[in-house]
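The structure appears right after this line, and notes come after that.
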Amino acid sequence: MKTIEKPKKLINFILFFLFVGCTSFFAQETPRSYVAYKTNDAITIDGKADEASWQKAPWSDLFIDIEGDKKPTYDTRMKMLWDDTNVYFFAQLVEPHVWGDITEHDAVIFHNNDFEIFLDPEADVHGYYELEWNVLNTVWDQYITAPYRGGNETINGWEALGLQSAVSVQGTLNDPSDVDQGWSIEIAIPFRDLRTGYYEDNVPKNKFWRVGFSRVNWDFDIVDGKYSRKKDKNTGEFLHENNWVWSPQYVINMHEPEKWGYVFFSENEVGSTSYQFEIPKDEHIKWYLYELYRDLISENQQKVVWKNADGQVYGPSKQLFNKKVTPFLEKYFKGFTIWTKSPFTNEILTINKDGKFKAYKK
């Protein structure tokens with residue numbers, strides 16, 4: 001009897017501690033979401049988006065500063081559509097001085113004012129795509145194996161072979177003598193260019209992607225009638241760029257994909273029945289696990305206290321939708337896994353040492 005009673009008392013103590021220790025000091029802000037509807041129109045990529053489907057597609061919220069606490073100087077908004085072949089994007093950028101000078105493919109486009117799209121179709125915070133365009137429609141397309149924080153490889157040679165894009169300027173390009181209205185960009189990316197396997201059917205009907213949108217905008221100087229990035233008069237260094245995004249990151253870093261927004265691909269035809277997308281409850285758990293992950297890899301700046309009882313390492317519990325979620329930590333010779341069991345789906349949700357998310361059915 002004694003060998004049975006001791007574990008029971010220990011388990012009861014752990015459960016009591018977890019109950020009274022439930023914490024809410026981690027509370028990621030809810031990312032923005034957007035519903036992309038299906039189009040039956042043939043979309044001509046000309047930078048104008050004047051097809052009927054585009055007129056019916058809803059605009060996104062106006063972009064906000066990447067840290068979420070400042071209103072951008074100029075407005076930016078986007079909209080999306082999809083069909084069985086492509087995902088379509090259209091963005092409108094208000095800009096009184098439209099300029100750009102980078103013409104080399106796969107150059108560092110954000111050294112000009114630009115528009116950027118980040119795509120994580122699997123929503124696993126790994127293996128995502130980054131594409132950037134300037135007003136000259138020069139593109140930088142790349143595949144990133146993982147966020148920079150965990151060590152990664154940037155595949156600059158990846159090409160979206162079927163990509164189409166076009167820019168329309170509302171004003172005059174590279175003319176500092178007048179005031180412009182801005183520029184717009186229209187984009188089509190084939191789903192086949194985003195496949196992880198040759199036979200994969202990755203058309204996301206009634207599914208969601210994690211998506212980030214960013215706009216880089218520079219203060220400028222005019223020298224000999226030409227635009228250039230503004231420099232600090234004392235140091236000679238370029239001033240920091242402005243980063244305006246659709247869904248705020250709360251840090252100056254787009255490479256935390258777990259904070260990107262949600263785009264749901266509704267099978268409803270654009271302009272017909274609207275769809276109310278609700279972020280799945282397991283995503284809220286995922287946000288909490290990533291808060292713990294970022295703390296764990298912050299070297300000597302950890303704030304989370306992990307407890308050990310009977311060989312099991314566990315962290316602070318969190319109440320989500322009136323359910324308690326308790327994270328666990330398993331350490332190995334060359335890494336670790338943070339995991340928990342979802343009270344909503346009963347799936348085991350995990351994040352490994354590289355920050356990759358995976359869910360396992362129980």
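Residues: numbered from 1 along the sequence shown. Note that this is a predicted model, so its numbers are computed, not measured.
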Item checked: Path from Ile189 to Ile45 over hydrophobic side-chain contacts below 4.5 Å -> no

Margin query: If we count only N and O atoms by modelled type, under 3.5 Å, do the side chains of Thr196 and Glu200 hold a donor and an acceptor together?
Written below: yes

Next item on the list: Please lay out, stage by stage, how Asn40 and Glu269 fare under the test side-chain hydrogen bond (donor to acceptor under 3.5 Å, both in side chains).
Entry: CA-CA 7 Å; Asn40 290 320; Glu269 184 178 348; 3.2 Å; yes

Checklist line | Residue from Phe213, Tyr128, Trp246 passing ring-ring contact (aromatic ring centres under 6.0 Å, His included) with Trp260 | finding: Tyr128

Next item on the list: Check whether any side-chain heavy atom of Val135 sits under 4.5 Å from a side-chain heavy atom of Leu173, and report yes or no.
Entry: yes

Checklist line | Pairs meeting criterion salt bridge (Lys or Arg N to Asp or Glu O under 4.0 Å) with involvement of residues 246-268, two or more places apart | finding: Arg149-Glu258, Glu256-Lys259, Glu258-Arg294

Item checked: Criterion salt bridge (Lys or Arg N to Asp or Glu O under 4.0 Å) against Asp221, the qualifying member of Lys231, Lys230, Lys233 -> Lys230

Check: Any donor and acceptor pair, going by atom type alone, linking the side chain of Asn112 with main-chain N or O of Ile102 inside 3.5 Å?
Finding: yes

Note to self: In the structure I gave you, are the side-chain heavy atoms of Glu116 and Val216 within less than 4.5 Å of one another anywhere?
What the structure shows: yes

Margin query: What I want to check is whether the side chains of Thr44 and Asp46 have a donor and an acceptor closer together than 3.5 Å.
Written below: no

Check: Okay, side chain of Asp224, backbone of Lys226: is any donor-acceptor separation there less than 3.5 Å?
Finding: no

Margin query: Counting the benzene-type ring for Trp, do Phe238 and His111 have ring centres under 6.0 Å apart?
Written below: no

Next item on the list: Can you measure from CD (Glu330) to OG1 (Thr337) and round to the nearest 0.5 angstrom?
Entry: 6.5 Å

Check: Would you say the side-chain atoms of Asp65 pair up with the backbone N or O of Lys70, donor to acceptor, closer than 3.5 Å?
Finding: no

Checklist line | Expected output: side-chain Thr39 to main-chain Ser53 donor-acceptor under 3.5 Å | finding: no

Item checked: Heavy-atom side-chain contact between Ile117 and Phe89 under 4.5 Å -> yes

Next item on the list: Quick one: pull up CZ in Phe63 and OG in Ser247 and give me the separation to the nearest 0.5 Å.
Entry: 10.0 Å

Next item on the list: Could you please spell out the steps behind the side chain to side chain contact (heavy atoms under 4.5 Å, CB included) verdict for Leu131 and Trp133?
Entry: CA-CA 7 Å; Leu131 302 100; Trp133 293 262; 3.5 Å; yes

Note to self: Rounded to the nearest 0.5 Å, what separates atom CZ in Phe357 from atom CD1 in Ile351?
What the structure shows: 7.0 Å

Next item on the list: Measure the CG-CG distance between Asp219 and Asp232 for me, rounded to the nearest 0.5 Å.
Entry: 11.5 Å

Notebook entry, point to check: What closest approach, in Å, do Pro316 and Pro327 show between heavy atoms, and which atom pair accounts for it?
Noted result: O-CD, 3.2 Å

Note to self: Per the side-chain hydrogen bond (donor to acceptor under 3.5 Å, both in side chains) rule, what does the pair list look like for residues 81-100, sequence neighbours excluded?
What the structure shows: Lys38-Asp84, Asp83-Tyr88, Asn86-Tyr88, Gln92-Gln170, Glu95-Arg215, Glu95-Asn217, His97-Tyr227

Notebook entry, point to check: What pair of heavy atoms forms the shortest contact from Asp295 to Gln301, and how long is it?
Noted result: OD1-O, 4.1 Å

Checklist line | Test item: Asn174 side-chain N/O and Gly100 main-chain N/O as donor-acceptor pair under 3.5 Å | finding: yes

Margin query: Could you check whether any side-chain N or O of Tyr262 sits under 3.5 Å from a backbone N or O of Pro31, counting only pairs where one atom can act as donor and the other as acceptor?
Written below: no

Check: If you take all heavy atoms of Val245 and Ile66, which pair is closest and at what distance?
Finding: CG2-CA, 3.7 Å

Notebook entry, point to check: Would a hydrophobic clustering, with Ile, Leu, Val, Met, Phe, Trp and Tyr connected at side-chain separations under 4.5 Å, put Leu119 with Tyr143?
Noted result: yes

Next item on the list: State, with a plain yes or no, whether a side-chain heavy atom of Ile43 is found less than 4.5 Å away from one of Glu186.
Entry: yes

Margin query: For Phe265 and Trp209, I'd like to know if the aromatic rings sit close, meaning centre-to-centre distance below 6.0 Å.
Written below: yes

Notebook entry, point to check: Quick check: does any side chain N or O of Tyr290 sit under 3.5 Å from a backbone N or O of Ile285, one acting as donor and the other as acceptor?
Noted result: no

Check: Stepwise, does the side-chain hydrogen bond (donor to acceptor under 3.5 Å, both in side chains) test hold for Thr345 with Asp282?
Finding: CA-CA 8 Å; Thr345 62; Asp282 275 9; 2.6 Å; yes

Check: Where is the tightest heavy-atom contact between Lys79 and Ala57, given as atom of each residue plus distance?
Finding: NZ-O, 3.2 Å

Note to self: Between Asp201 and Lys205 (salt bridge meaning N to carboxylate O under 4.0 Å), is one present in this structure?
What the structure shows: no

Next item on the list: Dump the intermediate steps for ring pair (Phe, Tyr, Trp, His ring centres under 6.0 Å) on Tyr360 and Trp339, then the final yes or no.
Entry: CA-CA 10 Å; Tyr360 297 88; Trp339 67 273; over 10 Å; no

Checklist line | Nearest non-hydrogen partners of Asp120 and Val125, listed with the distance | finding: OD2-N, 2.8 Å

Item checked: Main-chain N/O of His255 paired with Asn253 side-chain donor or acceptor, under 3.5 Å -> yes

Check: CD of Gln249 to CG of Asn243: how many Å apart, nearest 0.5 Å?
Finding: 10.0 Å

Next item on the list: For Tyr148 and Thr154, run side chain to side chain contact (heavy atoms under 4.5 Å, CB included): C-alpha distance rounded to whole Å, both residues' side-chain angles, the deciding distance at 0.1 Å, then the answer.
Entry: CA-CA 9 Å; Tyr148 294 109; Thr154 299; 3.6 Å; yes

Item checked: Nearest non-hydrogen partners of Trp218 and Leu239, listed with the distance -> CZ3-O, 3.1 Å

Margin query: Does any part of the side chain of Phe110, heavy atoms only, come nearer than 4.5 Å to the side chain of Phe115, both counted from C-beta?
Written below: no

Next item on the list: Could you go through the side chain to side chain contact (heavy atoms under 4.5 Å, CB included) check for Phe118 and Ser214 one step at a time?
Entry: CA-CA 8 Å; Phe118 299 80; Ser214 176; 4.1 Å; yes

Checklist line | Euclidean distance, Arg77 CZ relative to Phe90 CZ, rounded to 0.5 Å | finding: 9.0 Å

Margin query: Under a 4.0 Å threshold between the charged nitrogen and the carboxylate oxygen, would Lys303 count as salt-bridged to Glu291?
Written below: no

Check: Do Lys318 and Tyr288 have side-chain heavy atoms sitting under 4.5 Å apart?
Finding: yes

Next item on the list: Consider only side-chain heavy atoms of I, L, V, M, F, W and Y, link residues closer than 4.5 Å, and tell whether Val203 and Tyr275 are in one cluster.
Entry: no

Note to self: Hydrophobic clustering (ILVMFWY, side-chain heavy atoms < 4.5 Å, transitive) - are Val35 and Ile279 grouped together?
What the structure shows: yes

Note to self: So Leu329 and Lys331, do their side chains get closer than 4.5 Å, heavy atoms only?
What the structure shows: yes

Next item on the list: Quick one: do Thr172 and Val98 satisfy side chain to side chain contact (heavy atoms under 4.5 Å, CB included)? Show the steps, please.
Entry: CA-CA 7 Å; Thr172 54; Val98 178; over 6 Å; no

Notebook entry, point to check: Does the Asn202 side chain pair with the main chain of Phe191, one donor and one acceptor, at a distance under 3.5 Å?
Noted result: yes

Note to self: Are Trp287 and Leu296 connected into the same hydrophobic cluster when the rule is that any two of I, L, V, M, F, W, Y join if their side-chain heavy atoms are below 4.5 Å apart?
What the structure shows: no

Note to self: Are the side chains of Val167 and Leu136 in contact, using a 4.5 Å heavy-atom criterion?
What the structure shows: no

Checklist line | Test item: side-chain donor near acceptor, Asn137 and Ser165, under 3.5 Å | finding: yes

Next item on the list: For residues 337-361, pull every pair meeting salt bridge (Lys or Arg N to Asp or Glu O under 4.0 Å), keeping only residues two or more places apart or in separate chains.
Entry: Glu347-Lys361

